[in-house]
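First comes the structure, then the notes that go with it.
Just so it is clear, the model here is predicted, and its values are computed rather than measured.
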Amino acid sequence: MTTQAINKPAPGFGATLSRLSRQREYGVLALLLLTIFAVSLVNHSFLAGGNIRDILVSSVPAVIVACGLTLVIVMGEIDISMGALMGLLATVMGQLTTPAHANLPVAVGIIVTLLLGAGIGLINGLLVAYGRMPSIIVTLGMLTVLHGVNLTLINGHYITDLPAGLRFFGIGTFLGIPISLWVTAAVVILAILLVRQTPLGRRIYAAGSNPEAARLAGLPVRNLKVFVFMLTGLLVAVATVVSVPRLGVIESGIGQNFELVVVTCVVVGGTSISGGRGTIIGSVLAALLLGVISPMLIFLRLGESATYWDRAIQGAFILVAVLIDHVARSRRGAH
Amino acid sequence: MNTPFLQVSGLSKAYNGIPALSGVSIDIEPGELHALMGENGAGKSTLIKCLSGVVRPDGGEVRVNGVAVSLGDIRASETAGIVALHQESTAFAHLNAIDNIFVGREPRIGPGLLDRPRMRREAQALLDRLGEKIDLDRPLEELSLAQRQMVGIARALSHKSGLLIMDEPTASLSARETETLFRIIRQLQSEGVAILYVSHRMEEVFALSSRVTILRDGKLVDTRPIADVSRDELVKLMVGRELLAEESRESTVTLGEVMLDVRGLTRPGVFQDISLSVRAGEIVGLAGLVGAGRSEVAASIFGVDRPASGSVSIAGKPLPAGSIPKSIGCGLALVPEDRQHQGLVLPLTVGTNLLLTVLGSPSMGALRSSDKENKVVADLMRDLSVKAAGPGIAANTLSGGNQQKLALGKWLAAAPRVLILDEPTRGVDVGAKADVYRIIRQLAQDGMATLLISSDLPELLTLSDRILVMSQGRIRGELTRAEATEEKILALALHTENSSVKVVA
């Protein structure tokens with residue numbers, strides 16, 4: 001009985017890192033505000049209303065899907081099929097509603113899109129939870145299947161002439177604010193409510209924190225996993241409905257690299273890749289931060305080649321975030 | 001006499017045909033503290049798991065206040081008021097105390113929203129009842145182990161439990177925290193909560209319990225009032241079995257020089273001041289209960305972990321700490337306890353596994369030579385009497401015993417001078433066990449210095465020239481072959497810091 005329980009984090013650098021990884025939201029928020037402030041000093045038009053709105057609208061898909069992926073990663077799993085799913089859903093939605101194809105009512109097209117998204121997520125979840133396969137492999141396989149089906153369906157063509165009812169979700173406004181922003185706000189609020197105020201949300205975090213303890217507490221760990229994958233699939237569909245019609249043209253490249261952007265948001269936003277820890281608001285702020293980078297490079301007028309740094313900066317964010325997480329955890333593990 | 005709170009009758013459970021619990025019956029009165037004791041593998045954990053619904057017993061009955069409880073269902077057990085307080089690893093480290101207490105049975109407003117104010121109120125009330133001040137909003141990982149345990153007890157109490165099962169609750173607590181726990185235990189008893197208390201610590205059992213039940217080899221030995229039993233008797237009841245009539249190793253071997261010399265090895269909180277030496281041709285047993293720190297000592301000697309202080313030397317030459325390749329280079333080998341994960345590369349072939357430690361060693365040359373490799377493998381398979389269709393089949397198709405022979409053989413290919421064996425026959429059938437014993441003895445005869453970690457007391461007594469006994473991270477005593485008995489080993493292994501157990505060594 002010589003072991004003294006130690007509960008105070010080690011002072012100094014380790015504690016700072018530990019706090020930073022636990023409350024990453026503040027760090028991300030500070031970085032976001034700092035970036036906006038710095039860029040607007042150089043170029044005043046950065047803060048113009050139209051520009052801010054464009055940045056927000058372009059962040060919509062990442063913000064919406066990050067709400068779902070945060071919970072997948074909190075449960076210690078990963079989903080990398082989101083980009084391919086978005087591509088397929090865009091094609092299906094377009095082909096169902098355009099005159100040149102099925103020409104069905106827009107409502108039918110949207111409902112089918114939502115159901116298909118949730119259904120693919122359900123299959124991912126079932127394969128991971130009940131098939132006991134690693135989620136990276138399951139969703140890698142799913143990515144390839146979905147991409148293949150999408151290429152077959154779209155068959156090298158563009159889908160144009162999207163019906164006005166569908167385009168409304170992309171370009172329409174309500175009280176002067178784009179529809180997509182209203183939907184995004186609703187998704188974020190519901191996700192935060194789910195996480196903080198419902199038993200379901202707390203159980204997801206419990207199961208992600210310690211799956212064995214969750215089982216001993218009688219929680220349906222597998223069904224919780226199925227749920228978070230299904231939710232993510234559904235949110236990919238929601239993101240598709242409110243973002244794709246903005247373009248007016250649907251082609252096979254939609255959704256390309258989208259999964260990487262969303263994973264970046266969630267990880268940079270402070271969700272631990274080993275599960276149990278992470279917040280919706282962190283992921284959302286990180287999505288906005290990443291959304292600012294590309295316009296920032298343009299507004300800083302660094303020359304044309306500078307804008308290509310976008311991806312490299314995103315990648316660096318991931319590495320730094322994971323490094324902070326790792327170092328902080330090993331500090332914690334040391335006592 | 002009142003009806004007991006809990007009546008267990010004829011509870012049985014077998015894993016893969018091997019009985020872990022056979023026909024155990026036990027009664028627990030309301031407000032009683034009932035101790036449960038037994039050696040490693042006596043069936044204590046299986047009994048706890050059956051009672052708390054984590055596993056479904058094969059047969060038997062559990063009644064609470066006379067009503068049968070549906071078995072193998074955690075929720076049913078909790079509803080009936082049986083709650084197991086597992087060790088602190090079963091808490092949710094990232095969640096705060098409130099969530100830890102209620103997760104799985106959250107109070108709600110309407111169908112799907114948490115009743116946060118009520119959760120906070122009730123959590124506070126439960127913790128107040130335990131007399132503990134805990135910051136409700138901090139994640140559990142920021143609390144002390146004792147505080148986490150209080151949260152676990154609060155969770156159990158929130159079930160309105162009538163029986164709290166505690167498995168080694170003081171294992172990681174300081175003396176002061178232990179006092180707090182005992183105060184809470186007494187308070188719960190006064191409120192009518194019964195406690196099934198599993199502990200290896202004699203002084204706790206004598207201080208707290210009114211009755212003690214002893215299990216051995218999955219069977220009930222006896223339930224006795226604590227006042228009617230002495231410490232010595234308790235140890236005898238736990239060991240009990242006839243000593244296996246295995247032929248002991250004749251000590252005709254002449255011991256050589258000291259090959260393994262460990263001085264003052266320490267990893268704070270894990271083990272302290274471990275000093276031991278093993279001579280060429282000698283087999284030194286390392287005994288102790290699970291959690292005594294034996295495997296951790298082995299890992300530090302071998303270089304898996306870096307000890308905080310202390311030194312290891314092989315044949316008089318100091319060994320650099322924390323480097324497995326250097327340890328192997330100096331002639332040290334470790335056959336780990338967990339052969340499936342640490343000892344073998346299961347999907348690879350028998351031949352490849354045997355060659356793992358020598359691939360790249362100078363004796364095999366710079367380029368791989370299949371002739372040389374085939375010869376090494378064939379010799380080893382013969383020496384070890386590995387029962388396998390051939391060197392080309394996958395290691396995971398072999399039986400546990402043959403896998404263990406492979407894990408051993410892998411090291412023999414490297415021709416080490418010092419061999420550390422961690423539980424070499426766990427999960428191995430009797431036939432293979434005899435083969436493993438034969439190999440260990442043969443190696444010793446050829447001059448190998450062997451450190452044998454085992455929880456199987458007859459095995460230690462059969463093989464060892466000397467036996468060191470560890471408890472709570474320290475070596476508590478040394479027994480020669482002549483003086484070692486199961487009772488003496490167990491008495492030393494049960495020794496604790498503030499124990500008054502007197503041992504006649």
- Determine, step by step, whether B/Asp273 and B/Arg474 satisfy the salt bridge (charged side-chain N to carboxylate O under 4.0 Å, His left out) criterion, reporting the C-alpha distance in whole Å, the side-chain angles of both residues, the deciding distance to 0.1 Å, and the verdict. CA-CA 7 Å; B/Asp273 196 21; B/Arg474 285 178 189 276; 5.0 Å; no
- Query: Side chain, backbone, both or neither: which part of B/Arg105 has a heavy atom under 4.5 Å from chain A?
  - Reply: backbone
- Message: If you count heavy-atom pairs within less than 4.5 Å of chain A, which of B/Ala93, B/Gly104, B/Gly473 leads?
- Response: B/Gly104
- Task: Identify which part of B/Ile74 has an atom lying under 4.5 Å from any heavy atom of chain A, answering side chain, backbone, both or neither.
- Result: side chain
- Query: Is B/Arg118 salt-bridged to B/Glu106, going by a charged N under 4.0 Å from an acidic O?
  - Reply: no
- With a 3.5 Å cut-off and no angle check, do the side chains of A/Ser283 and A/Thr70 form a donor-acceptor pair? yes
- Message: I need the single residue from A/Leu140, A/Val72, A/Ile78 that forms a side-chain contact (heavy atoms from CB on, under 4.5 Å) with A/Ser135. Which is it?
- Response: A/Ile78
